[in-house]
Amino acid sequence: MTIPESPIIQIERRKAIALFASVLILAVALFGGLVKIGWGISARTDSGIVVTGSARTEAVADNAVWTLSVSLSRPKVADAVSKVGSDVEAVTKYLTDGGIPSEALTLGPVSTYGQEEWVNGNSTGRILNYRASRDVTVRTKDVELVSKLSQGIGSILQSGVNVNNYGPQYYISTLAELRPQLLEEAMKDAKVRADAITKAVGSHVGVVTGVKSGVFQVTTPDSTMTSDGGAYDTTTIKKTVTSTVSVTFTVNND
């Protein structure tokens with residue numbers, strides 16, 4: 001005849017089983033963690049060291065794009081278009097008299113639209129006036145001339161011409177030629193840094209096992225601005241071009 005266990009014994013048995021299961025789970029987790037740590041140390045050892053090298057050079061823009069927008073409003077659409085036409089003529093005359101050849105100018109189409117009256121967020125259907133606009137774009141390699149003319153644009157503004165000047169944009173056409181040179185110099189810089197790091201701990205640099213080229217940064221002179229996607233400043237004629245590389249070296253112990 002089997003004597004049934006008392007409720008107290010049953011409770012204690014359940015506690016013992018739960019405790020054993022917890023200890024077992026903890027042991028498995030610790031073992032797995034130690035294995036992963038061991039793998040991580042091994043991977044870092046095998047990969048050597050990763051060093052970032054950089055190089056920079058000064059460059060001068062040799063292309064300019066300058067867009068001037070003539071824009072105004074008049075009660076009648078015909079008057080708006082007529083005034084835009086005369087203002088565009090004044091702008092082109094200012095540019096050609098200043099030395100820009102006519103073939104370097106591109107005139108955009110005339111755009112017009114009616115500006116509606118709105119009351120309490122609702123259109124009344126009434127046209128208050130008509131706005132017309134047209135762009136004049138300069139494309140030239142004479143960046144210094146464009147810079148000079150952009151600084152003197154106030155003279156035609158004073159004559160009543162409605163023109164918006166957002167400033168010229170300056171570009172480098174030789175950037176493709178600069179890239180290989182800068183990458184080579186950045187690689188040399190990475191090697192110098194790697195030598196300094198390994199020498200400090202009594203080792204020396206081995207072979208290159210990996211190279212990753214960073215984005216190029218075209219900035220204003222002496223700028224510290226950087227961007228993960230690369231930067232290209234167009235506001236100045238003189239620029240600084242910066243290149244970076246991330247190089248992985250093996251390390252040999254002396």
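Hydrogens, waters and symmetry mates are skipped; everything else that's a heavy atom, side chains included, is used.
- Taking the charged nitrogens against the carboxylate oxygens, D195 and K199 have no contact shorter than 4.0 Å, which rules out a salt bridge.
- Of the possible polar contacts, none joining the D87 side chain to the V161 backbone as a donor-acceptor pair under 3.5 Å is found.
- A salt bridge is absent between D79 and K83; no separation between the charged side-chain nitrogens and carboxylate oxygens falls under 4.0 Å.
- Between Y130 and A80, the shortest heavy-atom distance links the atoms O-CB, 3.7 Å.
- Remark: R56 CZ is loosely packed, at most 12 non-hydrogen atoms of other residues, nucleotides or ligands lying under 6.0 Å away.
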Pairs of donor and acceptor atoms involving the side chains of residues 99-108, under 3.5 Å and at least two apart or interchain, shall be tabulated with distances.
none

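- Here the shortest heavy-atom pairing between P168 and W66 reads N-CD1, 3.6 Å.
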N/O donor-acceptor pairs under 3.5 Å from side chains in residues 229-236, not counting sequence neighbours:
from	atom 1	to	atom 2	distance (Å)
Y232	OH	I172	N	2.9
D233	OD1	T235	OG1	3.0
D233	OD2	T235	N	3.2
D233	OD2	T235	OG1	2.9
D233	OD2	T236	OG1	3.4
T236	OG1	K238	O	2.8

Side chains of residues 145-154: which donor-acceptor partners sit under 3.5 Å, not counting sequence neighbours?
from	atom 1	to	atom 2	distance (Å)
S147	OG	Q151	NE2	3.3
S150	OG	V146	O	3.3
S150	OG	S147	O	2.8

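- Contact check on E184 versus K188 returns a salt bridge, with a Lys/Arg side-chain nitrogen under 4.0 Å from an Asp/Glu carboxylate oxygen.
- With a 6.0 Å cutoff to the six-membered ring centre and a 45° limit on the axis angle, R179 counts as a cation-pi contact of F216.
- A donor-acceptor pair under 3.5 Å is formed between the side chain of T250 and the backbone N or O of V207.
- Side-chain N or O atoms of D62 include one that pairs as donor or acceptor with a backbone N or O of S173 at under 3.5 Å.
- Between the side chains of T67 and D135, no donor-acceptor pair of N or O atoms lies under 3.5 Å.
- Remark: side-chain polar atoms of R193 are paired, donor with acceptor, to backbone N or O of T52 under 3.5 angstrom.
- Between the side chain of S82 and the main chain of A78, no donor-acceptor pair closer than 3.5 Å is present.
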Original post:
Could you go step by step and tell me if N164 and L68 meet the side-chain contact (heavy atoms from CB on, under 4.5 Å) rule?
Top reply: CA-CA 6 Å; N164 297 313; L68 297 163; over 6 Å; no

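- D189 and S54 get closest at one heavy-atom pair: OD2-N, 2.9 Å.
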